[in-house]
Amino acid sequence: MSDYFPEPEVALPLFAAAGRAAAEACAAKAARVSAFDHDAACGVILDTLRASAVPMTGESLVDLCVSRGIKPHDQRAFGSVFGTLARRGAIVAVGYAPRRKGHGTSGARLWAAK
């Protein structure tokens, strides 16, 4: 693959574990230094998706949480919320939509309740 990274079957699990660790660290800092409640965010997102007839972007769901007072120091702290709900099988990514935030990034993920 390259001089820097091992083959994909070895590297991908390592990268996924590093991503989970970074998301959890960001959420832990958000809980320490701001008005961020991981469990409350999970509840708002899951309740909203269950009530919605259409999938919603992660950006829209994050904005909803922030409007309800769940405000981390860095909105990337919501990554652990989506990861938790997806690993539990409560939500599923069903597609992509144009981004409203971010520069030079891929499309916004669309989420639906499972």
Side-chain angles (χ1 to χ4, degrees):
M1 185 162 132
S2 80
D3 293 338
Y4 300 104
F5 299 111
E7 294 302 315
E9 57 274 1
V10 174
L12 292 178
L14 298 173
F15 294 153
R20 278 193 302 275
E24 290 167 7
C26 188
K29 180 177 181 180
R32 279 193 322 272
V33 303
S34 64
F36 184 70
D37 182 338
H38 185 274
D39 293 336
C42 283
V44 168
I45 290 170
L46 191 53
D47 290 347
T48 301
L49 288 174
R50 285 179 175 158
S52 177
V54 296
M56 297 178 67
T57 66
E59 293 174 335
S60 298
L61 293 163
V62 165
D63 290 345
L64 177 64
C65 287
V66 169
S67 74
R68 294 191 181 177
I70 304 170
K71 299 178 183 180
H73 71 296
D74 182 335
Q75 289 192 353
R76 289 177 291 183
F78 283 101
S80 69
V81 174
F82 288 102
T84 295
L85 291 170
R87 281 190 301 278
R88 289 181 185 164
I91 65 174
V92 62
V94 295
Y96 293 91
R99 295 280 316 253
R100 292 183 296 114
K101 301 176 185 179
H103 301 285
T105 57
S106 62
R109 194 165 286 174
L110 284 170
W111 295 97
K114 211 165 173 188

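Residues F36 and V81 share a closest heavy-atom pair of CZ-CG2, 3.8 Å. Across every non-hydrogen atom of P98 and A108, the tightest pair is O-CB, 4.1 Å. Across V94 and A112, no two heavy atoms sit closer than the pair CG1-CB, 4.1 Å. Across all non-hydrogen atoms, the minimal contact from V66 to K71 is O-CE, 3.3 Å.
Not counting sequence neighbours, the partners of K101 by the salt bridge (Lys or Arg N to Asp or Glu O under 4.0 Å) test are D63. Among residues two or more places apart in sequence or in another chain, the salt bridge (Lys or Arg N to Asp or Glu O under 4.0 Å) test is passed with R68 by none.
E59 contributes atom CD, which lies 10.0 Å from atom CG of L110 (distance to the nearest 0.5 angstrom). Within the model, atoms CD1 of I91 and CG of L61 stand 8.0 Å from one another, a figure rounded to the nearest 0.5 Å. Distance check: I70 CD1 to F78 CZ gives 6.0 Å after rounding to the nearest 0.5 Å. Atom CD1 of I45 is separated from atom CG of L85 by 6.0 Å, given to the nearest 0.5 angstrom. Atom OG1 of T84 is separated from atom CZ of R88 by 5.5 Å, given to the nearest 0.5 angstrom. Between atom CZ of residue R99 and atom OG1 of residue T57 there is a gap of 9.0 Å, rounded to the nearest 0.5 Å.
S52 places no side-chain N or O within 3.5 Å of a backbone atom of T48 that could act as its donor or acceptor partner.
Annotation: side chain of C65 is not in contact with side chain of V62 (no heavy-atom distance under 4.5 Å).
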